[in-house]
Protein chains: 2
Amino acid sequence: MQTRSASIPSSAKVAAHDRAVGSPANEAQRIGSMLELVASHVPLQRRVVHAGDLIYQAGEGFQRLHLVNAGFFKLINSASDGREQVVALQFRGDWLGFDGIAQGRHGCDAVAMDTGEIWSFSYEALLQASLTQPRLLALVHEAMSREIVRDRDALLSLCTLSADARVADFLHYWADSLARRGLRADQISLRMSRAEIGNYLGMTIESVSRALSRLSARHLIRFAEKGRRDIEIPELGALAAFVQGGSAAGRTLQ
Amino acid sequence: MQTRSASIPSSAKVAAHDRAVGSPANEAQRIGSMLELVASHVPLQRRVVHAGDLIYQAGEGFQRLHLVNAGFFKLINSASDGREQVVALQFRGDWLGFDGIAQGRHGCDAVAMDTGEIWSFSYEALLQASLTQPRLLALVHEAMSREIVRDRDALLSLCTLSADARVADFLHYWADSLARRGLRADQISLRMSRAEIGNYLGMTIESVSRALSRLSARHLIRFAEKGRRDIEIPELGALAAFVQGGSAAGRTLQ
DNA sequence: CGCCCCGTTGATCCTGTTCAACGGTCGTGG
DNA sequence: CCACGACCGTTGAACAGGATCAACGGGGCG
């Protein structure tokens, strides 16, 4: 396996979780017009959900897709022996339910982490509409592709980063996701317990807690006065830099 | 977060990597007819590739998708700081290139691990054809969905399994992938070095080697006489059972 | 108030990493 | 032909990062 040629434009890859072309503002715009386009061509049902609400469940038959209009959602994958893991976090503009297409039944649970709004619609209806609206079809494909890329970035982070760097990367990812959607990213309020974060990152509650303490000691983050779930990020760039520095520094593939 | 209700039919989940509906024979058939359908509706270019050949490269502009007609391929994701990781293994019937749709450029390298045959075709042409062939469109969506599910299963294994179980799960996955395609699974020949396996599983060469030795000592696998890359699996079920037993035994999400 | 859940911190243990040495195989070239 | 070196895989010994076990404080709620 030869090392990849150096001919890749260096701008092609910025950071594992920072790959969008275009600015954050564009991203928010993209999401807005996507929601609009879907809503105008597919009959959908809008639903307000609350923390803990189940959008769909593993094993359940697949018929409908969902779009996040507001709120935060987690996807939980589980094995037959009881192992379960948070495998993805979804924000405004993200789709829920793609995992069900392949086998006609869902492979994950989708759970709301906070109050939010979900737009649900029939997959069949979407397909029908997309036959006359190529732009709609393109959106669906982009969304699925994005999901694949994101999952693989998660895989990369999980395998190559130390516990502290993983936590930093997680915070950076969360903040970045907010920023792209036009929300303020310097002051984030995690909707997850330490247990959930740990599960998502493949580590224990204690390790998450310690990692956060260490990040705080380095002034990469700061805990808001009252809530241990509210975190300030003075300098997003510093956090990203820490992720790279804290990586096994070039654990390359030979 | 409440524990999931017990109302999920237990048959809905068999094992992380063992979720197909239908028998292995059906799967091989599905793949065969899928290849046929694509070939009969999209102009494609067939190409024989050899170990080490690059099908596409991260950063490269996205225009074409690829179908594996024969051989073994790996997808390598890499971060800006040099970290890189094998994030997926692809076999006959798998698609290559979905990661490029979202951003118009590829996010991974796709590399052949052995001699094989790749069918390449324009994504645009595929879209055009799928407008008049709904079955074709369904195939594409199923393939993308399957990819998402697989990535999430990998995430789950990575986070919840011990090193030994991860190696066992990897072997089981490989063997199972062969079996589904109608190939013999009791005697597999890995196309990967220990370094690649370790990278894929998030562990070091030494740990992979030790894990294999321990699996061999338990008679879950046997090394073929001459090659340390040829492995016999007397009982696939035993390997699967070990994965479950070797799991952190219910590292649930609270 | 008492209980439960959440988060933090300390002490100890263990899994997997790191460092190191060694054997086998293959390709190259004297 | 064999010597040499590069590469791959295995195994051992020491180390360390994170898991585990345990104790404690704070907040919300019945």
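Naming: A, B, ... by sequence-line order, numbering from 1 per chain.
Side chain of A:R229, nearest nucleotide from C:dT17, C:dC6, C:dG16: C:dC6.
Shown are A:K74, A:R181, A:R146; of these, the salt bridge (charged side-chain N to carboxylate O under 4.0 Å, His left out) with A:D94 is made only by A:R181. Test A:R214, A:R210, A:M203, A:H172 against A:V167 for side chain to side chain contact (heavy atoms under 4.5 Å, CB included) and you get one pass: A:M203.
Across the protein-nucleic acid pair, A:D164 atom CG and D:dG18 atom P stand 7 Å apart, rounded to whole Å. Look at CD1 on B:I231: it is 11 Å from P on D:dG9, rounded to the nearest Å. Regarding A:M203, its CE atom lies at a distance of 16 Å from the C1' atom of C:dG16, rounded to whole Å. Summarising the geometry, the separation between CG on B:L161 and P on C:dT15 is reported as 15 Å, rounded to the nearest angstrom. The interatomic distance linking B:I221 (CD1) with D:dG9 (P) rounds to 13 Å, in whole Å.
Contact annotation: A:T204 reaches the phosphate of D:dA19 (side-chain N/O to OP1 or OP2, under 4.0 Å).
Side-chain contact between B:F242 and B:L215: present, with at least one pair of heavy atoms (C-beta onward) separated by less than 4.5 Å.
In terms of the salt bridge (charged side-chain N to carboxylate O under 4.0 Å, His left out) criterion, B:E117 has no residue partners (sequence neighbours excluded).
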| query | What string of B, S and - do you get for nucleotides 10-16 of chain D, 5' to 3', when a contact is any protein heavy atom under 4.0 Å? | reply | BBBB---
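Looking at heavy-atom distances under 4.0 Å, A:R166 makes no contact with the nucleic acid at all.
At distances below 3.5 Å, not a single donor-acceptor pair connects side-chain atoms of A:R152 with backbone N or O atoms of B:V86.
Of all the heavy atoms in B:L155 and A:L155, the pair that sits closest is CD1-CD1, 3.1 Å.
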